[in-house]
Amino acid sequence: MGCRFQALLTFLFISLLLIILSLQQGRAEEAQSYNGSSSGAQMLVGRCNLFQGSWVFDASYPLYNSFSCPFIDPEFNCQKYGRPDKMYLKYRWKPSECDLPRFNGLEFLMRWRGKKIMFVGDSLSLNQWESLNCLIHASVPKVRTTVVKRAPLSSVTFEDYRVTVLLYRTPYLVDLVREKVGLVLKIDSIQNGNAWRGMDMLIFNSWHWWTHTGRSQPWNYIQEGNKLYKDMDRLIAYYKGLTTWARWVNLNVDPAKTKVFFQGISPTHYQGKDWNEPSKSCYGEMKPMSGTIYPGGIPAGAIVVNKVLSRIKKPVYLLDITWLSELRKDAHPSMYSGQHSNLDCSHWCLPGLPDTWNQLLYAALYH
């Protein structure tokens, strides 16, 4: 009886989420209200909402050169792989009520001397991890570094300051395990978390892989408790998986020793109808959107993230990058990737948008 009641509550909760999402996507004013409204005080630094603002031209950008940064993978190196335009490199995020502080890599290293910083998530975490390493390297280009790249854990250590920036690749945060029946996604298990202990800063991310189906879906079954499911509503699965992650944070993070961030949902731009140009995709886009409304609304995952974070007991700062990133339909690799042979409107060029994510991280830490 208890299990049936719990299942009913879950169904009602997800139904409410879908109703809210439908309303948001159907009304421009709802999309506008999302701009800077979703995470309350977590989004404020002083009296400034860092995530409400606009993109402005800045001739001093980008903050580093793609040819001088040794950490950029081919999939993000758009200039190296033939992107002909450069205007997308010249936009700076300007919050409405303040200026976003310019990233200072030397200051960052000095403040985090002897510390460990870890990104945990999928290829969007890889995107942000490489961006942070490039931003630091641009400030101290002669610093000695040790680079280790192996699955699932990679790292860059800035030796002179004993700062290590790590990346733990796990697209779902919860465990994906090979068993006799195949690959099983265990939405209530998070043994991966043993590798995240002892960090001074954790930046989590997960969403994109939860929506993959068909050949791009890496698992054969979803498991919850002792039950195997061939499939499950993906919003429900994401909510359950993120709740497992929140439980891990509550049990394992000491806020006096570890700062925790969650990278908001990174949007895609495959369908031009999301910005009222149905025949287009991110390919060939050269300018961000202006204004305060994104017609496509917000990704469904953002609602789940806000719901889970509202219930978490330990302090987790939401880097609410969704709306400001939705405006950057021009910032994807599209066809200019050294790794993806098809159109890529999911990841972001480096230099580019993830540098702003890290500037927001920097601002949240120090200002």
Side-chain angles (χ1 to χ4, degrees), residues 3 6-7 10-11 13-14 17 73-76 118-130 148-155 166-197 199 202-249 251-252 262-263 265-268 270 299-302 304-305 308 337 339-347:
C3 292
Q6 184 178 14
T10 302
F11 174 78
F13 167 67
I14 295 299
L17 284 181
D73 281 338
E75 60 185 310
F76 310 135
M118 179 181 279
F119 290 87
V120 183
D122 57 24
S123 53
L124 277 308
S125 290
L126 171 66
N127 226 172
Q128 190 177 0
W129 176 70
E130 292 186 3
V148 177
K149 285 193 174 184
R150 60 171 70 100
L153 186 63
S154 300
S155 65
L166 303 103
L167 171 71
Y168 191 95
R169 291 288 293 270
T170 173
Y172 299 101
L173 299 181
V174 292
D175 298 329
L176 184 62
V177 180
R178 182 172 294 281
E179 298 188 345
K180 290 182 179 180
V181 294
L183 281 169
V184 180
L185 181 62
K186 301 191 173 189
I187 58 176
D188 56 359
S189 173
I190 198 161
Q191 296 301 313
N192 286 332
N194 292 329
W196 315 336
R197 299 173 188 270
M199 297 296 128
L202 289 164
I203 307 102
F204 292 97
N205 155 65
S206 182
W207 168 239
H208 278 216
W209 280 91
W210 290 90
T211 63
H212 284 211
T213 59
R215 292 183 179 180
S216 65
Q217 174 186 299
W219 47 264
N220 302 106
Y221 292 94
I222 291 178
Q223 181 175 348
E224 183 180 22
N226 295 321
K227 291 187 177 181
L228 285 176
Y229 301 89
K230 191 63 180 174
D231 204 352
M232 183 183 291
D233 181 285
R234 300 308 175 84
L235 271 182
I236 293 176
Y238 182 53
Y239 173 73
K240 289 176 180 260
L242 214 57
T243 299
T244 300
W245 163 81
R247 190 179 305 117
W248 182 91
V249 171
L251 291 173
N252 293 280
F262 194 93
Q263 177 203 42
I265 303 298
S266 176
T268 62
Y270 287 101
V304 176
V305 168
V308 172
S337 170
Q339 183 168 325
H340 294 273
S341 57
N342 298 318
L343 182 70
D344 183 0
C345 298
S346 295
H347 301 102

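Quick caveat, the model's predicted, so the values are computed rather than measured.
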Return the CH2 to CD1 distance between Trp210 and Ile236, rounded to the nearest 0.5 Å. 12.0 Å
Side chain to side chain contact (heavy atoms under 4.5 Å, CB included) between Val120 and Trp129, worked out: CA-CA 9 Å; Val120 183; Trp129 176 70; over 6 Å; no
Using atom types as modelled and distance alone, determine if a side-chain donor or acceptor of Tyr172 lies under 3.5 Å from a backbone N or O of Trp209. yes
Would you sort out whether Ser346 and Tyr270 count as a side chain to side chain contact (heavy atoms under 4.5 Å, CB included), showing the intermediate values? CA-CA 8 Å; Ser346 295; Tyr270 287 101; 3.0 Å; yes
Looking at Asp73 and Glu75, would you say the former's side chain and the latter's main chain have a donor-acceptor pair under 3.5 Å? no
Treating Ser154 as the side-chain partner and Leu167 as the backbone partner, does any N or O pair qualify as donor plus acceptor under 3.5 Å? no
Donor-acceptor check, side chain of His347 to backbone of Leu126, threshold 3.5 angstrom: yes or no? no
Can you check whether Asn192's main-chain N or O pairs, donor with acceptor, with Asp175's side chain at less than 3.5 Å? yes
With no hydrogens and no angle check, is any side-chain donor or acceptor of Gln223 less than 3.5 Å from a backbone partner on Gly225? yes
Given 3.5 Å as the limit, does a donor-acceptor pair link the side chain of Arg169 with the main chain of Ser125, or not? no
Looking at CG of Asn220 and CG of Leu176, how far apart are the two atoms once the value is rounded to the nearest 0.5 Å? 9.0 Å
Pairwise distance CG(Leu202) to CZ(Phe119) - rounded to 0.5 angstrom: 10.5 Å
Can a donor-acceptor pair be found, under 3.5 Å and without considering hydrogens, that links the side chain of Asp122 to the backbone of Ser206? no
Please answer whether the main-chain N or O of Leu166 pairs with a side-chain N or O of Ser155 as donor and acceptor at a distance below 3.5 Å. no
Return the orientation label for the Trp196 and Trp248 ring planes: parallel under 30°, perpendicular over 60°, tilted otherwise. perpendicular
